[in-house]
Trainee: 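Quick one: the structure is below, questions incoming.
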Amino acid sequence: MAAPHETQAPAGAAPVPDYDAIIIGAGMSGMYQLHCLRELGMRVRVFEAGSGLGGTWYWNRYPGARFDSESYSYGYSFSKELLQEWDWTEHFAPQPETLRYLNHVADRFDLRRDMQFHSRVAAAHYRESARGWDVVLEDGSRHHARFLITAVGPLSAPTLPRIEGVGTFQGEAHHTSRWPHEPLRFEGKRVAVIGTGATGVQTIQEVAKTAAQLTVFQRRPNWCAPLHNRPITEEEQRRIRADYPEIFRRCQETFSCFLHTPDPRGTFEVTPEEREAFYEELYASPGFGIWVGNFRDMLTDPAANKEISDFVARKIRQRVRDPRVAEMLIPRDHGFGTRRVPLETRYYEVYNQPNVRLVDITETPIERITPKGIRTSDAEYEFDIIVYATGFDAITGSFDRIDIRGLGGQRLKDKWAQGPQTFMGILAEGFPNMFMLMGPHTALGNIPRSIEYNVEWVTDLIRTMRERNLTRADARPEAVAAWTDHVKAVGEGLLSNEVNSWFTGVNTNVEGKQTRIIARYSGSAPAYRAWCDEVALKEYRELALA
Ligand code: NA7
């Protein structure tokens, strides 16, 4: 464990440990940031609310949780040795394997000794006189550091529905991201799942295998596409190991760091037969190709988007036997790919099973959760287990839950009340020495690729500051304004920014989050990196360094 210095404390009070950097969160970004800062010789402390490391992969233990990115494009790329010693078993690895992987990484780089678990950060206040951050944990303990790095994850603040009676249910109820650590069995059980996003879809297709009865409460359907997962053969394993440089080179070049990249052709530049054949090929291919490797205009031209939406609707009708149910599963309020596409394995076929029923709660809203189950406007259902697959207060929610205050006591939550304002998603003006990893306005995509880039950018900035004996970095207001305008500009014309979803910061379960904002950077990852590289190359002149 890094030995902290201690700051002066009032007589009688416990001394406050003083670190060079405090990192909030021991997920993929916090882990790598810890590793990089330790390489600089810094004393670092990671505070993690959970009992273990892994972030998303620690919390999301629900049945069926797995990658939608190819496993070998998802792991860390920074260590050749690590790449050569870890074998993924499936093209899209399940959550327990990813959690094992992250624990392996932590052991290999001896990360655990600087991590403190069961330690939720309640408050972080900047103190100008010390040019550093006072951090208070929920247990009341106080800590101090020059740098504060938020590695809190864009999808880590779960939300329960605002329905009367939540909490009165006498059976078992779990949000998917707060799943029990002991396996939950569904045999002989009557199970409800509320929510049909990427998480709900993975859960439903798994629970349907064993539950006596599964009732899915769907508000809005999503466009789903087949994952086509399978084990990685030994031969493939050898090839993957040899191909790692090429795999990561490709991820660096694609729009959102996946192995897939948009087809340069426009939807209507090919014949209808060629178009259909291309869609068929994508539908039969593994992973996100159908979403991010489709015709280049699919997400900007409504007519192009309608073509692929109609194609997927036909697939749903072919796969679901009851035409009434098939129609319920086809989205009407948004086109294919304009919200996050859940990838599935026999999801639609689940609705052909006698033990599964679908309830459209737009037609018959849930009125309340009762001690025995769920009451809708036209029926009373009894359950043994209720699963809330109701998503997250995304992107800014994990910041809102911490009392973060910058210069003059300004709260970050207030500053972002009308939507986040950042510099490259990494800095917020008036919050010196706070650096955000995967904060709002960063390129998300295949997240570990973005994480590695952001962590290295932050590490370079801190290295530069230390070399020059600088102790304070803040974003200049004009730089924030320019970046925020740029984020808005690159998001113009994107159909996904015209739809309510977590991409656009809308969450009906959170007070004040009913209107769309531009929450993420929706340009390409290479363009994002080019901007950030330029800032570093030009000696950080958009930052006020002192
Ligand atoms: P999502 O994608 O936000 O999905 C949440 C689902 O829960 C979605 O179907 C919602 O319906 C539904 N929901 C939310 N609140 C309610 C209420 N109050 N009543 C009924 N239904 C509700 O979250 P996920 O966890 O699936 O996925 C988040 C990301 O994690 C995912 O994109 C991956 O990148 C990993 P709605 O569509 O809002 O009508």
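Quick note: numbers below take in every heavy atom, side chains included, and nothing from hydrogens, waters or symmetry partners. Along the sequence shown, the residues carry numbers beginning at 1.
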Trainee: Provide the closest heavy-atom pair for Trp223 versus Tyr348 in the form atom of the first, atom of the second, distance.
Mentor: C-OH, 4.3 Å
Trainee: Any side-chain heavy-atom pair from Val216 and Tyr351 closer than 4.5 angstrom?
Mentor: yes
Trainee: Is there a side-chain contact between Val46 and Gln116, using heavy atoms and a 4.5 Å cut-off?
Mentor: no
Trainee: Roughly how far, to the nearest 0.5 Å, is the CD1 atom of Ile366 from the OH atom of Tyr381?
Mentor: 9.5 Å
Trainee: Measure from NZ or CZ of Arg520 to the centre of the six-membered ring of Phe503 and say whether it is under 6.0 Å with the direction within 45° of the ring axis.
Mentor: yes
Trainee: Does the side chain of Ser177 come within less than 4.5 Å of Tyr62's, by heavy atoms?
Mentor: no
Trainee: CD of Gln218 to CG of Asp360: how many Å apart, nearest 0.5 Å?
Mentor: 6.0 Å
Trainee: Are the side chains of Val121 and Val136 in touch, meaning some heavy atoms are under 4.5 Å apart?
Mentor: no
Trainee: Can you confirm whether Gln514 sits close enough to Asn507 that some side-chain heavy atom of one is under 4.5 Å from a side-chain heavy atom of the other?
Mentor: no
Trainee: Enumerate the salt bridge (charged side-chain N to carboxylate O under 4.0 Å, His left out) contacts for residues 495-506, please, sequence neighbours excluded, ordered by first and then second residue.
Mentor: none
Trainee: Quiz question: by atom type and distance under 3.5 Å, do the side chains of His174 and Thr176 form a donor-acceptor pair?
Mentor: no
Trainee: Counting C-beta onward and ignoring hydrogens, is there a side-chain heavy-atom pair between Tyr74 and Met28 closer than 4.5 Å?
Mentor: yes
Trainee: Between Arg340 and Asp68, is there a side-chain N and carboxylate O pair less than 4.0 Å apart?
Mentor: yes
Trainee: Is any side-chain N of the basic residue among Asp384 and Arg190 closer than 4.0 Å to the acidic one's carboxylate O?
Mentor: yes
Trainee: For a quick check under 3.5 Å, do Lys413 and Thr396 share a side-chain donor-acceptor pair by atom type?
Mentor: no
Trainee: Run the side-chain contact (heavy atoms from CB on, under 4.5 Å) test on Arg516 and Asn500 for me, step by step, so that the C-alpha distance in whole Å, both residues' side-chain angles and the decisive distance to 0.1 Å come before the verdict.
Mentor: CA-CA 7 Å; Arg516 287 199 288 274; Asn500 290 355; 2.7 Å; yes
Trainee: Given the rule in the side-chain contact (heavy atoms from CB on, under 4.5 Å) test, do Tyr76 and Glu452 qualify, once you have shown the distances and angles that lead to the verdict?
Mentor: CA-CA 8 Å; Tyr76 290 113; Glu452 283 189 329; 3.5 Å; yes
Trainee: Using 30° and 60° as the class boundaries, would you call the ring planes of His175 and Phe392 parallel, tilted or perpendicular?
Mentor: perpendicular
Trainee: Between Pro161 and Tyr388, is any pair of side-chain heavy atoms under 4.5 Å apart?
Mentor: yes
Trainee: What do the steps show when you test Glu367 against Thr376 for side-chain contact (heavy atoms from CB on, under 4.5 Å), and what is the final call?
Mentor: CA-CA 5 Å; Glu367 287 183 342; Thr376 65; 6.0 Å; no
Trainee: Using a strict cut-off of less than 4.0 Å between a Lys/Arg side-chain nitrogen and an Asp/Glu carboxylate oxygen, indicate whether Asp114 and Arg45 qualify as a salt bridge.
Mentor: no
Trainee: Of all the heavy-atom pairs spanning Ala151 and Ile23, show the shortest one and how long it is.
Mentor: CB-CG2, 4.0 Å
Trainee: Looking at Ala389 and Gly200, what are the two nearest heavy atoms and their distance?
Mentor: CB-CA, 3.6 Å
Trainee: Is a side-chain donor-acceptor pair under 3.5 Å present for His91 with Glu236?
Mentor: yes
Trainee: Among Phe311, Phe278, Phe336, whose ring-ring contact (aromatic ring centres under 6.0 Å, His included) with Phe295 holds?
Mentor: Phe278
Trainee: Rounded to the nearest 0.5 Å, how far does CG of Asn305 lie from OG1 of Thr300?
Mentor: 9.0 Å
Trainee: Determine whether a donor-acceptor pair (N or O, by modelled atom type, separation under 3.5 Å) exists between the side chain of Thr390 and the backbone of Gly195.
Mentor: no
Trainee: One pair to check against ring pair (Phe, Tyr, Trp, His ring centres under 6.0 Å): Trp57 and Tyr101. What are the steps and the verdict?
Mentor: CA-CA 10 Å; Trp57 303 104; Tyr101 166 74; over 10 Å; no
Trainee: For the pair Glu70 (side chain) and Tyr72 (backbone), establish whether a donor and an acceptor sit closer than 3.5 Å, ignoring hydrogens and angles.
Mentor: no
Trainee: When rounded to the nearest 0.5 angstrom, what distance separates CG in Leu155 from CE in Met438?
Mentor: 12.0 Å
Trainee: Hey, does the side chain of Glu344 reach the backbone of Cys224 with a donor-acceptor pair shorter than 3.5 angstrom?
Mentor: no
Trainee: State, to 0.1 Å, how close Leu495 and Thr338 come at their nearest heavy-atom pair, and which atoms those are.
Mentor: CB-CG2, 3.6 Å
Trainee: If you draw a 6.0 Å radius around NZ in Lys306, do more than 12 non-hydrogen atoms from other residues or ligands fall strictly inside?
Mentor: no
Trainee: What closest approach, in Å, do Ser77 and Arg449 show between heavy atoms, and which atom pair accounts for it?
Mentor: N-NH2, 3.5 Å
Trainee: So, the side chain of Asn454 versus the backbone of Leu437: is there a donor-acceptor pair under 3.5 Å, distance only?
Mentor: no
Trainee: Is it true that the side chains of Ser73 and Asn446 contain a donor and an acceptor less than 3.5 Å apart?
Mentor: yes
Trainee: As a quick check of understanding, evaluate side-chain contact (heavy atoms from CB on, under 4.5 Å) for Val359 and Thr364, giving each step before the final call.
Mentor: CA-CA 8 Å; Val359 177; Thr364 55; 3.8 Å; yes
Trainee: Can any side-chain N or O of Asn352 pair as donor or acceptor with the backbone N or O of Arg321 at less than 3.5 Å?
Mentor: yes
Trainee: Is the Trp291-Phe258 ring centre distance short of 6.0 angstrom?
Mentor: no
Trainee: Show me the pairs that pass salt bridge (charged side-chain N to carboxylate O under 4.0 Å, His left out) and involve residues 91-105, at least two apart or across chains.
Mentor: none
Trainee: Could Arg314 and Asp310 be called an ion pair, given the rule that one side-chain N must be under 4.0 Å from one carboxylate O?
Mentor: no
Trainee: Is a side-chain donor or acceptor of Asp403 paired with a backbone partner of Ala123 at a separation under 3.5 angstrom?
Mentor: no
Trainee: Before accepting this row, confirm whether a basic side-chain N of the pair Arg219/Glu363 lies closer than 4.0 Å to the acidic partner's carboxylate O.
Mentor: no
Trainee: Does Ile518 offer a backbone N or O that forms a donor-acceptor pair with the side chain of His441 under 3.5 Å?
Mentor: yes
Trainee: Please determine if Arg162 and Glu511 form a salt bridge, counting it only when a charged side-chain N lies under 4.0 Å from a carboxylate O.
Mentor: yes
Trainee: Less than 4.0 angstrom from a charged side-chain N to a carboxylate O is my criterion; do Arg317 and Glu327 meet it?
Mentor: yes
Trainee: At what distance, to the nearest 0.5 angstrom, does OG of Ser450 lie from OH of Tyr528?
Mentor: 8.0 Å
Trainee: Using only atom types and a distance under 3.5 Å, with no angle test, would you say the side chain of Ser309 pairs donor to acceptor with the backbone of Gly335?
Mentor: no
Trainee: Indicate yes or no for a side-chain donor-acceptor contact from Asn509 to the backbone of Gly391 under 3.5 Å, with no hydrogens or angles considered.
Mentor: no
Trainee: Hey, is the main chain of Thr56 close enough, under 3.5 Å, to the side chain of Asn60 for a donor-acceptor pair?
Mentor: yes
Trainee: State, with a plain yes or no, whether a side-chain heavy atom of Leu259 is found less than 4.5 Å away from one of Thr254.
Mentor: no
Trainee: Scan Gln202, Glu206, Gln95, Glu90 and name whichever one has a side chain to side chain donor-acceptor pair (under 3.5 Å) with Arg66.
Mentor: Glu90
Trainee: Strictly by salt bridge (charged side-chain N to carboxylate O under 4.0 Å, His left out), give each pair with a member in residues 277-291 just once, sequence neighbours left out.
Mentor: Glu280-Lys315
Trainee: After noting the C-alpha distance and the side-chain angles of Phe117 and Phe47, does the key distance pass the ring pair (Phe, Tyr, Trp, His ring centres under 6.0 Å) rule?
Mentor: CA-CA 6 Å; Phe117 299 107; Phe47 293 119; over 10 Å; no
Trainee: Just verifying a value: how many Å separate Arg142 CZ and His125 NE2, rounded to the nearest 0.5 Å?
Mentor: 9.0 Å
